[in-house]
Number of protein chains: 4
Amino acid sequence: MSHYYRLVVSCPDRVGIVSRVSGFIAGHGGSITEASQHSDLETGRFFMRYEILADSINMPPEALREAFAPIAEEFDMTWALTDTRQRPRVVLMVSRESHCLVDLLYRWTAGELDCDIAAVISNHETMRGLAEWHGIPYHHVPVDPADKQPAFDEVARLVEELRADCVVLARYMQILPPALCERYAGRVINIHHSFLPSFAGAKPYHQAYERGVKLIGATCHYVTEELDAGPIIEQDIHRVSHCHTPDDLVRFGRDVEKAVLARGLRWHLQDRVLIHGNKTVVFA
Amino acid sequence: MSHYYRLVVSCPDRVGIVSRVSGFIAGHGGSITEASQHSDLETGRFFMRYEILADSINMPPEALREAFAPIAEEFDMTWALTDTRQRPRVVLMVSRESHCLVDLLYRWTAGELDCDIAAVISNHETMRGLAEWHGIPYHHVPVDPADKQPAFDEVARLVEELRADCVVLARYMQILPPALCERYAGRVINIHHSFLPSFAGAKPYHQAYERGVKLIGATCHYVTEELDAGPIIEQDIHRVSHCHTPDDLVRFGRDVEKAVLARGLRWHLQDRVLIHGNKTVVFA
Amino acid sequence: MSHYYRLVVSCPDRVGIVSRVSGFIAGHGGSITEASQHSDLETGRFFMRYEILADSINMPPEALREAFAPIAEEFDMTWALTDTRQRPRVVLMVSRESHCLVDLLYRWTAGELDCDIAAVISNHETMRGLAEWHGIPYHHVPVDPADKQPAFDEVARLVEELRADCVVLARYMQILPPALCERYAGRVINIHHSFLPSFAGAKPYHQAYERGVKLIGATCHYVTEELDAGPIIEQDIHRVSHCHTPDDLVRFGRDVEKAVLARGLRWHLQDRVLIHGNKTVVFA
Amino acid sequence: MSHYYRLVVSCPDRVGIVSRVSGFIAGHGGSITEASQHSDLETGRFFMRYEILADSINMPPEALREAFAPIAEEFDMTWALTDTRQRPRVVLMVSRESHCLVDLLYRWTAGELDCDIAAVISNHETMRGLAEWHGIPYHHVPVDPADKQPAFDEVARLVEELRADCVVLARYMQILPPALCERYAGRVINIHHSFLPSFAGAKPYHQAYERGVKLIGATCHYVTEELDAGPIIEQDIHRVSHCHTPDDLVRFGRDVEKAVLARGLRWHLQDRVLIHGNKTVVFA
């Protein structure tokens, strides 16, 4: 199977960026198989993502990065060049609800998620069988409501030890401590079970039911210190009516949650999501 | 063309309501062409709506109402029996944005809205040509920002004089005074340009843009004293991305707004919307 | 947990059916928790479905059926009265694609599908591990392309032996023989991976790709002798663009297929789907 | 208001195209505000569209075209460079159904369609008032069912005389003769009232009703000699159920048709639609 280099750039917009970058790639014989650009007219910032057939460039990624560095400096770029052979390592965190975990493990098995799943961490034992059936290590880290810090320290230690590139809160139902959020900024993905900014916080489906909305939703976002307020990656909705009880909302919501999380995670793993302040550019 | 009686009922739920009501109708030879029921398990309230072929019942609506009254009393019903030959009178209120007005007038012309449009009232002259081309009287009631009361008094006077059954705020952009809201409770329909409860208040598309949501929406609801907090009739959304400027959001939003308002109004005019506390039962 | 009786009726439409049926139920003290009716104006046929709290009726289902029979005869009804304690027995048939099976087993585990899964039958060994991990018997019935009849005979024998109420072709990829279709008419559910009637037959995603459609879909339908032509229960779509390869269409399609099949099966199991010629009435 | 140059290119894919084109634009100081590219891996064809701030380039479009021609030749490009100050001239053709015309005229008035509307041509007088109220010339060209050729000759003459860049069949309900289709290949846009390839030909909503589909749709496509078989630009759907009569399908369909046609036309007018065999690349 072919592998690819992915060049992801953001920088102040000005004339000549595309010319310079595409000229560099063409100069090395690089065959671009997918190209995306975006100029944010309000902030004057430019974003781009190139997918390049690795075999068309006669260079390892380190050498290519070194060769590109002067251009990046000249244009004041925030950038990364990844190699699809280096699969990112993902840690999944769950609580007692299985729908997101079942879905992510299926998609991973089906080849929809280009990553290694390093482990599942949970505050309960409930999902051990499922994880282990998929051959994935399971870490049970109980959280003491009276003193959550030891548990979070253990989670931080595990994430470090597992060399995670990305942590997915697949209905973890615990609020991560600020230190962990900061340390893994832009690499912790959460699924919130409402169409944010509506119904942030606890029991969103019951809030939605009480308000009598006609659509419920889910939001996949990067975790930041402020609860449910980080950059949104993806959202979707499901239609409801007066016929539906809170239990029905929960049931429909599960489908929306898992779909939205799977899309958001897939895009993140493919370097399609660029953070821009508290928003995202998603080259889906 | 056939005409219909519509019987709309809400009452405390108990065994035998459907039997009693359908028995009453069958007893008068009534042919039911559409029937909808809903039991709200949480509040123990029951809702029903029957559409009955008028020609199958050998009685004018007044007589039928009189015959039904004892049953209504027995079951402690809130109820209404309408005759589709009595077309409701609607007053449309607009400001300078034309999309909802154009859409409603088209649908009215196409026979999608079973009502008479008594008049268009606006705080601007902008839409006069459009309204009058459709043969609809236009009332310009300018609003003085320093003292809005005289304008609202005039609006109230007009609505009264026009014998309106329903007032539609089709992007009117002014907050109605509490007295008017109360007097026409359950009969004033507003279109709000966000997916409530997100982004209540002013400039919702700009709020949505700032938050970086991936879906924008619109909400059709009954107006109550509390701004943007009345019972929701209908909502819908449109997908957006980082590519879209606030102007694009406004453009997409116009399409959602007019679709949502048209559906909500159509259902209201067909007696399909029953208010239940701060929520609605919609027999769509 | 409460259990329910479900009364499902179709008959020639005439005045008094609802009154008679609801009167019968009220006469036995029955508390109706959900009621749906439909009059097909074109064919003059009437459909209804009542969900009745079993505890409100002091009678076993057999006695209730016996008491109702004269009414059914009087109105020339096709009818059934089911008891939710009698869970239908479902046989799932699959080939090598796992997405529908994974999804159905998850939903069954989560309590979304009110049935017993009697067995999984497949023409391959691939899914054995998955089925057995869920505690479900697995039958491998290989199909010899040169002579399929022995396999189908074995399938027929198994379905009989397993006392299946419903057979689900969850991407089985084999055409059932006419005799089996006829014997289980209205009880065999298939998921077709296109928005029927477009792209019937083989490789629908590739057909869709070649035609350049902008939406792909899936269709859940009852199996009849004519391939992909049976009564449609449910359909849905996913947006695609020029960016997407046939593989992407297959990937998106899997999500639509499993969602559509799950909804269709859930409704079937809840007696919400009434066949009407080659169409369905779905009281969703 | 700023104006733009739009460079639209398709050519055989090879290394260095983007570099060469973006280098050319940067060499003239051109500021790219929007860029889209697509490599079709199956056919090896490359597509691109650049939107360039005209003021950033110190050259009229003719000179820029002349300067670009050698590059186009070198890469064997099919290409065009348009100037947004040259508004395309559109002719709308309608029959007796007004929904698409009302919608397009509203959007044109609201500034959503960057074009001049040269005229409305119809085989009926019905829409004259509407067109003329918008200040648009109306040509009534009746079609004699016994001999349609004179009418089509007159239409061809008018389209020529009006110097139309684009002809929109906004529910024209007549089949254009092959000669006209060929002459205006890629410039005649039709709205078909089904989700093609389902229900091509006449009365698609009735075909859909008979088949019992659960979604109806509409398709915007370029007209070719083969009826309803040209390259698809856009499609969308609306959910229906057993409750809905053929008239309801027609009513829902109107909303889908006008939305789909408006999107397709807007994209066409913005040079976002590139024809690729019998398919389209849409840089929406």
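Within every chain, numbering begins at 1; the chains are lettered A, B, ... in the order of the sequence lines, protein sequences first and strands thereafter.
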Is the closest side-chain donor-acceptor distance between Ser22(A) and Ser22(D) under 3.5 Å?
yes

For Glu66(D), is the CD atom crowded, meaning more than 12 foreign heavy atoms sit under 6.0 Å from it?
no

With side chains defined as the heavy atoms from C-beta onward, is the minimum distance between Gln37(A) and Gln37(D) less than 4.5 Å?
yes

Under a 4.5 Å heavy-atom cutoff, which of Ser56(D), Gly30(D), Gly16(D), Ser36(D) has the most pairs with chain A?
Gly30(D)

Check: Ser31(D) and Val15(A) side chains under 4.5 Å, non-hydrogen atoms
yes

One should read off an interatomic distance between Ser39(D) OG and Glu51(A) CD, to the nearest 0.5 angstrom, of 10.5 Å

Taking CG in Asn58(D) as the centre, count heavy atoms belonging to other residues, nucleotides or ligands within less than 6.0 Å. Is the count above 12?
no

Measure the CD-CG distance between Glu34(A) and Leu41(D) for me, rounded to the nearest 0.5 Å.
9.5 Å

Hey, which of Ile25(A), Val18(A), Val21(A) is the one that makes side-chain contact (heavy atoms from CB on, under 4.5 Å) with Val18(D)?
Val18(A)

Phe283(D) portion near chain A, given a 4.5 angstrom heavy-atom threshold
neither

